[in-house]
Amino acid sequence: MSAQHLVLVSLAVLFAAFVQGATGVGFALIAAPVIGIVRPDLLPVCVLVLMLPLNFYVMWRERGAIDRTGASWITGGRLLGTVGGLWVLAALSASHLSLFVGASTIAAALVTLMMPAFSPGRAAFVAAGLVTGVTETATGIGGPPLALVYQHQPAPTMRSTIALCFLVGELVSLATLMAAGRIDGSQLYAAALLLPALVVGAVLSRVVHRRINGRVLRIFVQVFAIVSGSALLLHSF
């Protein structure tokens, strides 16, 4: 990764960590398309590794608000979805994976914008976990399905529960990817280079997470995701 690319991706990671720390979602939607444009071979491992400390931090910060019942059902679906994510990785080349990331990012953002309010139940939790398992294992992007089921819950519940689900799911995905031989040193090195930007973004989110208008920021994240996904699709052709 060149110095210019490192600065570009670091800025994306910093902003993505700030957004996720403030709202509970958005890191992969922002960071993955930018990384995919610069170095598609780093997906999804680099994103998954970076999200581990970020989600642990968010979960611990608001641990008293975690929805443990919902998180349990989501995790069950998430474990099943990991197999589907591995199939996507095996079936797609790096360029096709970029296309998949771009298309799934746009689709997820549009669905999140248009989805009406509803009260999630067991089936919704399992379905969200299943879809998340496929998309996060394949691309590092898993937030939109979880945002759908929690978008109308109190902000602390949304942030902390999604962070817990992410944390467990990311550990499962990384273990599965390692067993499948999909992790190499370049991906881990890139994540280490981007860690300072992640820390700055997470710390900044602490300053505003109780005061920020989460709904407005989530809409902004989805619009940004559509633009980023579109750019990734154009870059892949």
Side-chain angles (χ1 to χ4, degrees), residues 7-35 46-68 70-71 74 105-106 108-115 117 120 128 132 135-136 139-170 191 194-229:
V7 171
L8 173 64
V9 176
S10 293
L11 289 174
V13 166
L14 189 156
F15 180 61
F18 169 78
V19 170
Q20 177 130 348
T23 69
V25 294
F27 182 86
L29 279 172
I30 295 170
V34 177
I35 293 173
C46 183
V47 172
L48 290 171
V49 171
L50 286 171
M51 289 183 73
L52 287 176
L54 175 62
N55 283 308
F56 180 82
Y57 168 71
V58 174
M59 178 198 70
W60 185 259
R61 188 182 65 193
E62 297 178 290
R63 57 192 178 278
I66 294 174
D67 173 19
R68 290 174 173 78
I74 288 170
T105 299
I106 294 171
L110 291 175
V111 169
T112 304
L113 280 171
M114 296 184 294
M115 189 72 181
T132 296
T135 59
E136 191 172 35
T139 70
I141 297 174
L146 303 185
L148 285 176
V149 296
Y150 279 110
Q151 63 181 316
H152 301 292
Q153 302 301 309
T157 299
M158 175 181 174
R159 285 191 295 257
S160 59
T161 307
I162 289 178
L164 173 60
C165 293
F166 273 150
L167 188 61
V168 174
E170 286 147 13
L194 296 169
L195 188 58
L198 180 91
V199 171
V200 172
V203 171
L204 289 176
S205 75
R206 184 178 180 86
V207 178
V208 301
H209 80 279
R210 294 187 183 277
R211 300 190 297 271
I212 199 166
N213 187 328
R215 181 62 179 168
V216 172
L217 188 52
R218 283 196 298 274
I219 292 174
F220 175 77
V221 168
Q222 305 311 322
V223 173
F224 184 90
I226 292 172
V227 174
S228 297

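- At a threshold of 4.5 Å between non-hydrogen side-chain atoms, the residues L146 and T132 count as touching.
- What you find for V19 and V25 is that their closest heavy atoms are CG1-O, 3.5 Å.
- To the nearest 0.5 Å, atom CG of residue L167 and atom OH of residue Y57 are 15.0 Å apart.
- Side chain of T161 to main chain of D67: a donor-acceptor pair is present (N/O by atom type, distance under 3.5 Å, no hydrogens or angles).
- Note that SG of C46 and CE of M51 are 12.0 Å apart. Values are rounded to the nearest 0.5 Å.
- In this structure, CD in Q20 is found 5.0 Å from CG in N55, a value given to the nearest 0.5 Å.
- Note: I35 CD1 to I30 CD1 = 11.5 Å, rounded to the nearest 0.5 Å.
- Of the inter-residue distances, the one linking L29 atom CG with I106 atom CD1 reads 11.0 Å to the nearest 0.5 angstrom.
- We find the CE-CD1 distance between M59 and I162 to be 14.0 Å, quoted to the nearest 0.5 Å.
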Given the rule in the side chain to side chain contact (heavy atoms under 4.5 Å, CB included) test, do F18 and V208 qualify, once you have shown the distances and angles that lead to the verdict?
CA-CA 9 Å; F18 169 78; V208 301; 3.4 Å; yes

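- The shortest non-hydrogen separation linking G24 to F166 is O-CE1, 4.3 Å.
- Among pairs with a residue in residues 49-62, those fulfilling salt bridge (Lys or Arg N to Asp or Glu O under 4.0 Å) read E62-R159, at least two apart in sequence or across chains.
- When the shell of 6.0 Å around CZ of R63 is examined, it contains more than 12 heavy atoms from other residues, nucleotides or ligands.
- Side-chain contact between F27 and L198 is present, with heavy atoms from C-beta onward closer than 4.5 Å.
- Taking each heavy atom of P156 and S160 in turn, the nearest pair found is O-OG, 2.7 Å.
- When all heavy atoms of P33 and A28 are compared, the closest pair comes out as CD-O, 3.4 Å.
- The two residues V149 and P120 come nearest to each other via the heavy atoms O-CG, 3.2 Å.
- A pairwise comparison of heavy atoms in S205 and A22 identifies CB-N, 3.7 Å as the closest pair.
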